[in-house]
There are 2 protein chains.
Amino acid sequence: MVNPSALEQMVCFQLYAASRAMTGIYRPLLEPHGLTYPQLLVLVALWDNGPTTVRDLGHQLHLDSGTLSPLLKRLETAGHLTRTRGSADERTVLIELTTSGLGLRDTLSYIPARIACAVDLTEAEFHQLIDLLGRVRGATH
Amino acid sequence: MVNPSALEQMVCFQLYAASRAMTGIYRPLLEPHGLTYPQLLVLVALWDNGPTTVRDLGHQLHLDSGTLSPLLKRLETAGHLTRTRGSADERTVLIELTTSGLGLRDTLSYIPARIACAVDLTEAEFHQLIDLLGRVRGATH
DNA sequence: CGCAATTGAGTTGTGCGCAACTGATGTGTG
DNA sequence: CACACATCAGTTGCGCACAACTCAATTGCG
């Protein structure tokens, strides 16, 4: 019988450790391309949903401008995207992929299979995990 | 039917987002005591397993000295622990809780219940999640 | 309209997390 | 014993995260 107060501590630590282990799987795959995992998330968001604003990226990734601004500046410096002041609303900044940024979608397309291979779960377990994690995160809304 | 390559991307993002959401639940609870989540993990390790070395803490928490050294220095400055060069092996540094550090165990004992309340899972789901996360992390060993 | 309140992006400061490195200490092998 | 090698902790540098803040642009309300 486990002390119930130990359960949350364990699940929180496992969450913390698993998340870092996960980005650790991505790191050697992304490092040759000069990318980090949060940078990949920005690219995925732009690949899937097209050009958007800093604000909307923040909503998609649950990150604020304090994190995104310097990150986007690095991706711009690397030539993967452009940042343009909005014409309708001068406060916003439109984020758009360049040819280079779009091209990374193909260049990096081999990565998901490597991750699936490293994280050896069945499809049902993937769905189960996604559901449980979503509920953990949902608790904070 | 979901594109299988999207599954890993989803689970990795959910892992990343849930982990940050989790430390976000801890933050307001720890902030009044001047602590962070990684600092709490160090305290938990010391409460549960007693005095140890930097090296062993690193093994328990999957962190290296580059992360632990400054973190431990901050906990020492806060008066929660002491760092002493090992007598047998002069390379090692023994980490021991002070009265203050031991006292925090009671002071912070209300936190696990708050977390369990925020993360509203059944005991079975907790175990399931811990198991799945452990297998994700285990893939990296 | 006029002006307070809100919003969007960026900056600053702090604390991780990790790679790469340093320097001191210990170990093993010839 | 001597010397190459490994190990431990710490430092440096960089990129997140996030709080707190600034500043400009926009909105809304009297």
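Numbered from 1 within each chain, the chains take letters A, B, ... in sequence-line order.
Relative to the ring axis of A/Tyr110, A/Arg114 does not place its NZ or CZ within 45° and under 6.0 Å from the centre.
Residue A/Met10 holds its CE atom at 10.5 Å from CG of B/Leu133, rounded to the nearest 0.5 Å. One distance of note links SG of A/Cys12 with CD1 of B/Ile25; it measures 7.0 Å at 0.5 Å rounding.
Judged by distance alone, with hydrogens and angles left aside, the side-chain atoms of B/Arg137 form no donor-acceptor pair with the main-chain N or O of A/Ala17 at under 3.5 Å. A donor-acceptor distance shorter than 3.5 angstrom exists from the side chain of B/Thr77 to the backbone of B/Lys73, with no hydrogens or angles considered. B/Thr92 places a side-chain N or O within donor-acceptor distance of the main-chain N or O of B/Asp89, the cut-off being under 3.5 Å.
Atom pair B/Leu68:CG and D/dG10:P shows a separation of 9 Å (rounding to whole Å applied). One interatomic measurement links the two molecules: CG of B/Leu61 to P of C/dC16, which rounds to 12 Å at whole-angstrom precision. A straight line from CD of B/Glu31 to C1' of C/dT14 spans 13 Å, rounded to a whole angstrom. Atoms CG (B/Leu40) and P (C/dG15) sit 17 Å apart, rounded to a whole Å. Atom CZ in B/Arg27 sits about 13 Å away from atom P in C/dG15, given to the nearest Å. Whole-Å rounding puts the A/Arg83 CZ to C/dT11 C1' distance at 13 Å. The separation between B/Lys73 atom NZ and D/dA9 atom C1' is 10 Å, rounded to whole Å. Put simply, CG on B/Leu63 is 10 Å from C1' on C/dC18, counting in whole angstrom units.
Mapping A/Gly66 and A/Glu90 onto DNA chain D by nearest heavy atom places A/Gly66 at the nucleotide closer to the 5' end. Mapping B/Ser87 and B/Pro70 onto DNA chain C via the closest heavy atom, the residue that lands nearer the 5' end is B/Pro70.
In this structure B/Phe13 satisfies the ring pair (Phe, Tyr, Trp, His ring centres under 6.0 Å) test with no other residue, sequence neighbours excluded. The side-chain hydrogen bond (donor to acceptor under 3.5 Å, both in side chains) check on A/Glu76 picks up A/Arg83, with sequence neighbours excluded.
A close approach under 4.0 Å does not occur between any side-chain nitrogen or oxygen of A/Arg74 and OP1 or OP2 of D/dC14. Taking 4.0 angstrom as the limit, A/Thr67 places none of its side-chain polar atoms (N or O) nearer than this to OP1 or OP2 of D/dA17. For B/Tyr16, a side-chain nitrogen or oxygen approaches OP1 or OP2 of D/dA17 to under 4.0 Å.
Residue contacts shown for A/Leu71 are limited to sugar-phosphate atoms, with no base heavy atom under 4.0 Å away. As judged by a 4.0 angstrom heavy-atom cut-off over every strand, A/Ala17 is placed among residues making no nucleic acid contact.
In this structure, of C/dC16, D/dG15, D/dC18, it is D/dG15 that holds the atom nearest to the side chain of A/Thr36. For A/Ser65, the listed nucleotide lying nearest its side chain is C/dA9; candidates were C/dA9, D/dT11, C/dC18. Comparing C/dC18, D/dA17, C/dT25 by their nearest atom to the side chain of A/Pro38 picks out D/dA17.
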Pull out every protein N or O sitting under 3.5 Å from an N or O of nucleotides 1-8 of chain D, one pair per line with the distance.
unit_1	atom_1	unit_2	atom_2	d
D/dT7	O2	B/Arg91	NH1	2.9
D/dC8	OP1	B/Arg55	NE	2.9
D/dC8	OP1	B/Arg55	NH1	3.1
D/dC8	OP2	B/Arg55	NH1	2.6

